Amino acid sequence: MAFEGSIEEKMSEESFDFICTTCDKNFNKTVEAVRYCIECNGYCCQTCTDTHKLFPALRNHNLLDVSQGGQTGNQQSRLPEFPTERCSLHKGKIVDMYCKEHDDVFCSTCIATSHKSCPENSIYYIPDMINALYKLEDTKRIHRHLTDMIVSIKTISNSMDRRLEALKEAKHESLEKVDLCEKALKSIIKKAAEKSKSEIVATYQELENEILLERLNINIANDELQQSEEKLKKSEGNRAQRFVCTKQAEKELKEAKGLQAEQGMRRNRDTPLSFTPSQSLMNYIKGIHVIGRVNVSRKKVDMYRIKGCRDININIPSDSNTCNSHGCCLTKDNKIIVTDSSNKKLKRFNLDTMTSVDYCKLDNSPCDVCYINDEEVVVSYYSSGTIQFVSIHQKMSPTRQIKLPHLCYGVTSKDDKLYVTDNGASLYVYNMAGTLLNTITTDNVGTCLFARSRHITLNGNKDKMFVGDWDKGLVCFDVAGNYLSTSFDSALKFADGVCVDDYCNIFVVGYTSHNVVQYNEDGKKIGVIIQQQDGLLNPRSVCFQQQLNRLFVTMNNSNVVKMYELE
């Protein structure tokens, strides 16, 4: 009977629809399951269910009714399939929903809050639709891609490690060069100081010898005068001897008076030995803040793309005409300065608030504007051939002018030099006083470089110049004025405004192609980044704000400046 009871008991055990996975695997016990745990991926008996409530790590597990497993019998070869991933936004929620509209998975809260506009027939509960949603080939494909990407990312990571090591080595080499330069400068200064000391000693020796010789002559004269005095005393009573001594004494006195007068003149004329430091050297050294330039070799060769666009209204209440801005520049305090030839004004706007700061009235129509320093900018007057300096320290106000013997269109500055184009065949280089230093018209074989030279800019290192020309396109030079290249492209018509970013990408506006074209440092076209459909119409000038990747473009006969956020 006991045997028969055992059989009945076994048969009873095996008749459970669902058995506890934990008890079956770990204790070889067949216990009826009452819940299914998604995270544990198994069935739980009442004891194991209660255990979930005891441990903090298990309390948030999703315990479903055992019938939701959908698997009858004690066959455990295939357990119910429920996601176990938790939502990164709604902690504790399981990612168990699929949105076909977005082709992405979410939790139920995400679906309820962020996918209200999605069609109902595009929202699926993953466990219910897993047979239709899951494709083994998709998993294999993604797995291959993941494997490939992991290898690729690892390669990039290794490359960055090498770059960091190279950067560290470059830092040490640069610091060593600074130390060597410091020693060399100290050596130069020491040698110069030693030479000055030698000159002081030599001059002292020469002056000392002169004084010693003079003192010897004075001592001799003093001895002769004393001898004459003794002779006069002894000649008393002998008139003949006394006469001779008197005449000899007169001669000695005359010579002594000459020495006395000469020394009196020397005393009035001589100055003590002194040393005057070189003031020009001292001023030069005081002006040195670094003993060299830190160069960073980095280039962005990818084409920028528009992330956003905004209009800056440059029309102010006192304007009587539609604005017409041919030039713009940025200042270090997050402001933009634009010219307005129609209203004969120079205007300044705050980029934080996009509002007007101030303006100044000019006596002519301004064309281009260039930032010099925190104190001033320069403005070109095209028709009058004049460079106007404008103070920007507080309220903008015109200061001095330089009259030039040619038209003035584009203007930029470097190392106290002004570079000026004439909307013709020349590029001129002046100092700040208006003295002509160089005129650039042809390349090294005599070919004309310009037809209608417009705006000009310098790269970040200020060792290259770039000029927009209406007929030629983009013309490139080194800072000495040596011609490098000309880039002409049919996509860029009537090249006008030009500027660069810190990676020496060059932005050129096309006046009649209504676009902005990006070039690399060598003048090779990367692509068109802004077009007419992006709001450009007859663009004139351009400037770039590196910190926020903003490109500012002025336009002909327009009350707005376009501000493009790039990425």
Side-chain angles (χ1 to χ4, degrees), residues 314 323-331 335-349 359-373 376-392 396 398-404 406-414 417-430 432 434 440 450 452-458 462 465-470 474-475 477 494-500 506-511 516 538-544 551-558 561-562:
I314 60 171
C323 301
N324 193 6
S325 179
H326 289 233
C328 62
C329 70
L330 295 168
T331 62
K335 294 180 177 61
I336 186 171
I337 298 177
V338 299
T339 62
D340 184 355
S341 60
S342 297
N343 296 289
K344 294 185 178 180
K345 292 175 182 175
L346 189 67
K347 303 174 179 179
R348 178 162 51 177
F349 296 87
Y359 74 92
C360 67
K361 191 75 176 173
L362 302 173
D363 59 10
N364 212 314
S365 295
C367 186
D368 198 12
V369 59
C370 169
Y371 175 84
I372 300 295
N373 52 47
E376 63 181 353
V377 295
V378 292
V379 176
S380 61
Y381 292 156
Y382 175 64
S383 58
S384 66
T386 304
I387 296 297
Q388 173 73 62
F389 288 78
V390 178
S391 171
I392 59 169
M396 292 195 300
T399 54
R400 66 187 180 97
Q401 289 185 351
I402 298 175
K403 180 68 178 174
L404 303 179
H406 54 77
L407 300 175
C408 297
Y409 189 87
V411 61
T412 193
S413 172
K414 174 190 180 294
K417 294 185 180 68
L418 292 173
Y419 298 82
V420 185
T421 61
D422 61 356
N423 193 28
S426 300
L427 167 63
Y428 303 89
V429 185
Y430 292 90
M432 288 298 181
I440 302 170
F450 308 107
R452 285 184 284 180
S453 57
R454 307 289 278 186
H455 286 88
I456 179 172
T457 191
L458 296 152
K462 295 193 173 182
M465 298 184 291
F466 307 99
V467 180
D469 188 285
W470 264 26
L474 178 66
V475 188
F477 306 86
F494 287 69
D496 204 327
V498 57
C499 70
V500 297
I506 310 160
F507 305 98
V508 188
V509 302
Y511 179 68
V516 177
N538 298 128
R540 285 289 193 184
S541 66
V542 62
C543 57
F544 187 77
L551 192 71
F552 300 88
V553 188
T554 70
M555 298 183 292
N556 197 56
N557 292 323
S558 174
V561 170
K562 305 294 288 187

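Bear in mind that the values here come from a model prediction, so they are computed numbers and not experimental data.
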Exercise. Tell me, do Y359 and D340 make a side-chain contact under 4.5 Å, heavy atoms counted?
Worked result: no
Exercise. How about F450 and F477: are their ring centres within less than 6.0 Å of each other?
Worked result: yes
Exercise. Is S380 reaching over with its side chain to a backbone N or O of D368, donor-acceptor style, under 3.5 angstrom?
Worked result: yes
Exercise. Under the 3.5 angstrom rule, does the side chain of S365 hit a backbone N or O of S341 as a donor-acceptor pair?
Worked result: yes
For this session: Look at the aromatic rings of H326 and Y409 and report parallel, tilted or perpendicular, splitting at 30° and 60°.
Result: perpendicular
Exercise. So do the side chains of I337 and Y371 get within less than 4.5 Å of each other, counting heavy atoms only?
Worked result: no
Exercise. Checking E376 side chain against I392 main chain: does a donor-acceptor pair fall under 3.5 Å?
Worked result: no
Exercise. With a 4.5 Å heavy-atom cut-off, do V377 and L346 have their side chains touching?
Worked result: yes
Exercise. Does K347 use its side chain to pair, donor to acceptor, with the backbone of I314 at less than 3.5 Å?
Worked result: yes
Problem set entry | M465 side chain near L427 side chain, heavy-atom distance below 4.5 Å | yes
For this session: Run the numbers on R454 and N423 for side-chain contact (heavy atoms from CB on, under 4.5 Å), then give the verdict.
Result: CA-CA 5 Å; R454 307 289 278 186; N423 193 28; 2.9 Å; yes
For this session: Quick one: closest heavy-atom pair of G327 and S325, and the distance?
Result: O-OG, 3.2 Å
Exercise. Got a donor-acceptor contact below 3.5 angstrom from the K361 side chain to the N343 backbone?
Worked result: yes
Exercise. Hey, are T554 and S541 close enough side-chain-wise for a donor-acceptor pair under 3.5 Å?
Worked result: yes
